[in-house]
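Please read the structure below before turning to the comments.
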Amino acid sequence: QVQPVESGGGSVRAGGSLRLSCTAPGFTSMNCGLGWYRQAVGKQREWVSSIARYGATTYADSVRGRFTISKDKTMDTVYLQMNNLYPEDTAMYSCKTVQTVATENDECVYGNWGQGTQVTVSS
């Protein structure tokens with residue numbers, strides 16, 4: 001499985017924006033979707049958003065309307081544009097391959113996690 005690498009995190013005030021990137025060679029050729037997850041201190045990791053192999057997107061209720069997931073097929077990169085950030089969005093954000101639809105490979109769920117990028121939102 002490929003090893004994704006996340007970047008773009010940082011510290012912002014509430015209402016600010018950040019754009020996260022997840023990249024790994026091989027995304028283009030893999031029959032997988034890509035998911036963003038986050039884990040806050042003391043909490044379970046939660047799913048944030050996913051993009052299917054051919055572009056369909058889904059979002060957790062907590063971020064819908066504020067976050068946008070997209071991909072750059074040529075660059076093997078997936079982005080998470082985060083707008084109107086809340087302090088509750090503070091977490092370590094990680095990405096991995098996922099199976100978003102049945103036509104993607106079920107083995108996609110066993111892909112490696114990236115190292116994560118920290119997002120901190122202050123009030």
Side-chain angles (χ1 to χ4, degrees):
Q1 301 290 334
V2 301
Q3 178 66 56
V5 177
E6 304 92 341
S7 62
S11 298
V12 297
R13 290 201 169 194
S17 298
L18 287 171
R19 192 190 195 197
L20 308 184
S21 298
C22 173
T23 189
F27 276 171
T28 300
S29 60
M30 295 176 65
N31 188 30
C32 298
L34 194 289
W36 280 101
Y37 297 76
R38 67 186 182 187
Q39 186 170 26
V41 174
K43 296 185 178 180
Q44 297 267 24
R45 179 180 287 138
E46 65 176 343
W47 170 76
V48 175
S49 181
S50 296
I51 186 165
R53 178 71 174 85
Y54 294 104
T57 60
T58 53
Y59 300 91
D61 289 343
S62 59
V63 306
R64 187 175 294 109
R66 300 186 298 117
F67 292 10
T68 302
I69 190 171
S70 62
K71 66 177 181 176
D72 182 346
K73 183 178 179 180
T74 301
M75 300 299 296
D76 289 325
T77 302
V78 175
Y79 305 98
L80 187 68
Q81 178 68 46
M82 306 185 296
N83 296 327
N84 192 24
L85 285 161
Y86 303 156
E88 303 93 279
D89 295 317
T90 295
M92 181 71 73
Y93 285 72
S94 302
C95 64
K96 70 177 297 293
T97 56
V98 296
Q99 184 187 33
T100 61
V101 295
T103 51
E104 296 170 345
N105 294 337
D106 54 12
E107 295 179 354
C108 296
V109 302
Y110 300 111
N112 293 326
W113 291 98
Q115 85 285 0
T117 186
Q118 179 67 39
V119 171
T120 302
V121 185
S122 60
S123 60

Does [X] use its side chain to pair, donor to acceptor, with the backbone of [Y] at less than 3.5 Å?
X      : Y      : answer
Asp106 : Gln99  : no
Thr97  : Gly33  : no
Glu6   : Cys95  : yes
Lys96  : Val109 : yes
Thr90  : Val121 : yes

At their closest point, which heavy atom of [X] faces which heavy atom of [Y], and how far apart are they?
X     : Y      : result
Arg66 : Leu85  : NH1-CA, 3.8 Å
Ala14 : Ser123 : CB-CA, 4.3 Å
Leu20 : Gly9   : CD2-N, 3.5 Å
Leu80 : Ser49  : CD1-CB, 4.2 Å
Ala40 : Ala91  : N-CB, 3.8 Å
Lys43 : Gln39  : O-NE2, 3.1 Å

Next on the checklist: Is the shortest side-chain heavy-atom distance between Asp89 and Phe67 below 4.5 Å?
Outcome noted: yes
Checklist entry - How about Trp113 and Ser94: do any of their side-chain heavy atoms sit closer than 4.5 Å? => result yes
Checklist entry - Any side-chain donor paired with an acceptor under 3.5 Å for Asp76 and Thr23? => result no
Next on the checklist: For Thr100 and Ile51: C-alpha separation, side-chain torsions, deciding distance, then whether side-chain contact (heavy atoms from CB on, under 4.5 Å) applies.
Outcome noted: CA-CA 7 Å; Thr100 61; Ile51 186 165; over 6 Å; no
Do [X] and [Y] share a hydrophobic cluster, counting only Ile, Leu, Val, Met, Phe, Trp and Tyr and linking them when any side-chain heavy atoms are less than 4.5 Å apart?
X     : Y      : value
Met82 : Tyr59  : yes
Met92 : Val119 : no
Tyr79 : Val98  : no

Item to check | Audit row: Gln115, Val5, side-chain contact (heavy atoms from CB on, under 4.5 Å) steps and yes/no | outcome: CA-CA 6 Å; Gln115 85 285 0; Val5 177; 3.8 Å; yes
In Å, rounded to the nearest 0.5 Å, how long is the span from [atom1] of [X] to [atom2] of [Y]?
X      : Y      : atom1 : atom2 : result
Ser11  : Gln118 : OG    : CD    : 7.5 Å
Ile69  : Gln81  : CD1   : CD    : 12.0 Å
Thr120 : Arg13  : OG1   : CZ    : 14.0 Å

Next on the checklist: Here's a test for you: under side chain to side chain contact (heavy atoms under 4.5 Å, CB included), which of Ser7, Cys22, Pro4, Ser21 qualifies with Thr77?
Outcome noted: Ser21
Item to check | Within 45° cone of Tyr37 ring axis and under 6.0 Å: Arg45 NZ or CZ | outcome: no
Item to check | Criterion side-chain contact (heavy atoms from CB on, under 4.5 Å) on Arg38 and Val63, from CA distance to verdict | outcome: CA-CA 12 Å; Arg38 67 186 182 187; Val63 306; 3.9 Å; yes
